[in-house]
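Here's the structure, in C-alpha cells; my notes come after.
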Number of protein chains: 2
Amino acid sequence: MPKKVDHRERRETIARALWRVVEQRGLAHATMREVAQEANISLGQLQHYFSSRTAMLTFAMEFASEQTSQRVGEGLRDLGHLPHPRDVLRLMLIEMLPLHPDARATSRMSAAYVLEALHDQGLHARAREGLLQGRAMLEALVRQAIADGHIDPDRDATVETDLLLALTGFTTLLELNVIEPRDALAAIDHHLDRLFARRAYHSATRARRGSGYPASPWNL
Amino acid sequence: MPKKVDHRERRETIARALWRVVEQRGLAHATMREVAQEANISLGQLQHYFSSRTAMLTFAMEFASEQTSQRVGEGLRDLGHLPHPRDVLRLMLIEMLPLHPDARATSRMSAAYVLEALHDQGLHARAREGLLQGRAMLEALVRQAIADGHIDPDRDATVETDLLLALTGFTTLLELNVIEPRDALAAIDHHLDRLFARRAYHSATRARRGSGYPASPWNL
C-alpha cells in the first residue's frame, strides 16, 4: 500500500518541520501556517494531513516519543545479548536528555508539549499516558534488577523509579548551560553506581573511590 | 518615596497577572495586550510600567524567583536557630516544586521562561544567571554539610549538588499527575536520607529499614 506509506511519511516530514519551528522559534510559532511554510507546503496541503493544530502537535509529540524509543532500541542492540540492567537504565536516561541534536529536538518538543498540556485537557491526558507508560517500563526494569540480585532488595522499586525519572530534570540545566554534558553524565553514573551497589561490595567500591564500573562504550 | 513604592507595587501586580495568564492559558497568551486585560489596566498604562514584552517577562520571572526565595526564607525561620542542613535542602527542593498554589504559579512561570529562553539570547543569559546563583547556594550548603560532618566526606559536592538540582525534574511528573505529591516527597526524603547517612551508621539505618529521620514538621 504505497499510498498509506506516503501518507505516514508526509506526516513525519511535517512533524519534523514542527520540531524545527519549536526548537528554533518556540511553541508560540508552531501554528498551522508557520509549520506549512517550514515544511515547504501550502496550508491546504497541511490541512489534508492534519485537521487541527492539536492533531498536528499530538502526532509530532508521539513521533518524538517513537524516535526516542527507536534510539534506545538501537542502543540496546549495540549492548548485545542480555545487557546489564545498569546499561539499559543509563541508555534510557541519556536518550531522554538533550545531549545530541536528535535528542535535543525531541526533548524540546516534549517540554513544549507538557507546557501546552497544562491548559489543555486533551493534551494533558495524552502526555500523562505517555509518561505513565515510560514510568511503567522503567519500574519493570528496576523490579527485575532487584529480583535478579543486581539491586539491593532493601531498595524500594517505586521510590527508585521516581528518582530515576526525576533525573530528567537535567534537561533544563543542560539547555541553559548551567552544567556541561559531562557533569550530567557523571551525576547519572554516580546515581546508578549507588543504585547497583549491593550491600556486600558497597564498602569495597567506596574504598576504591572510583565508580568501579567499566567505562561506557559510547562517546558520552 | 511613596511614588517609587507604588511603581514597584504596580509592577508586581502586573507580574502576578502575567503568572495567571501563563498558568491558565500558556505563554503564547502572555502578550502585552492580554496581560493588561488580566491586570485590568489599559495597554497604555501597562506600557508605562514595561517598555516591552521581554522586559515584562523578565521582571515577572525575577519576581517569581524572589517569591520562591521569600517562601524559603519563611520556612527557614520556622526551622529555628541553626537548622539541620538536611532540613534546609529539603525546604529549598520542596519550594521549587509545584506542590502548593504559590509554588505552582512560580514553577510554571519558570518553565515557560526557560522554554522562551531557548530561542532568545537575552532571556537565556538571565535564566542561566538565576540558575547558576541557585546552584552556587545549594553547593555551598552541601560543602558546609560535608565540612561539618553531616555528609560523608567521600561524597563529591559537585555531583551531589547536580543530583539535588536535577530532582526539580519532579515538576513535570507532578504537573501531569504521573506521581502524587506524597511520592515526590517520599523520593526526596529517601535521597536526602542516603545523602546524610554517614558511613558509621549507614548499616544501622538500613537495618531499621526506616528513614531513621524524624517526621517532617510540615504537613507535606
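Chain letters run A, B, ... following the sequence lines, proteins first and then strands; every chain starts at 1.
- Counting heavy atoms from C-beta on, the side chains of A:E62 and A:R126 come closer than 4.5 Å.
- For A:I179, the part lying near chain B is the side chain, with the backbone staying farther off; criterion is any non-hydrogen pair under 4.5 Å.
- Pairs passing the ring pair (Phe, Tyr, Trp, His ring centres under 6.0 Å) check and including a residue from residues 11-42 of chain B, sequence neighbours excluded, read B:W19-B:F63.
- Ranked by heavy-atom pairs shorter than 4.5 Å toward chain B, the options A:L118, A:V114, A:L131 are led by A:L118.
- Most heavy-atom pairs under 4.5 Å with chain A: of the set B:L167, B:T172, B:N177, B:T168, this distinction falls to B:N177.
- When each of A:G26, A:A28, A:G169, A:A166 is checked for heavy-atom pairs under 4.5 Å with chain B, A:A166 comes out on top.
- A:A127 touches chain B through backbone and side chain together, each having a heavy atom under 4.5 Å away.
- Residue contact with chain A, scored on non-hydrogen atoms closer than 4.5 Å, involves the backbone and the side chain of B:A112 alike.
- Checked against B:M92 for a side-chain contact (heavy atoms from CB on, under 4.5 Å), the options B:D87, B:L165, B:L76, B:L141 give a single hit: B:L141.
- Considering only heavy-atom pairs separated by less than 4.5 Å from chain B, the leading option among A:E129, A:E116, A:R25, A:H191 is A:R25.
- Legend: salt bridge (Lys or Arg N to Asp or Glu O under 4.0 Å) pairs involving residues 132-149 of chain B, not counting sequence neighbours, sorted by first then second residue: B:R135-B:E139, B:R135-B:D162, B:E139-B:R143.
- B:M96 has its side chain out of reach of B:V72: every pair of non-hydrogen atoms, C-beta onward, lies at least 4.5 Å apart.
- Under a cutoff of 6.0 Å and an axis angle of 45°, B:R11 and B:F59 form a cation-pi pair.
- Ranked by heavy-atom pairs shorter than 4.5 Å toward chain B, the options A:L163, A:L132, A:D120, A:V22 are led by A:L163.
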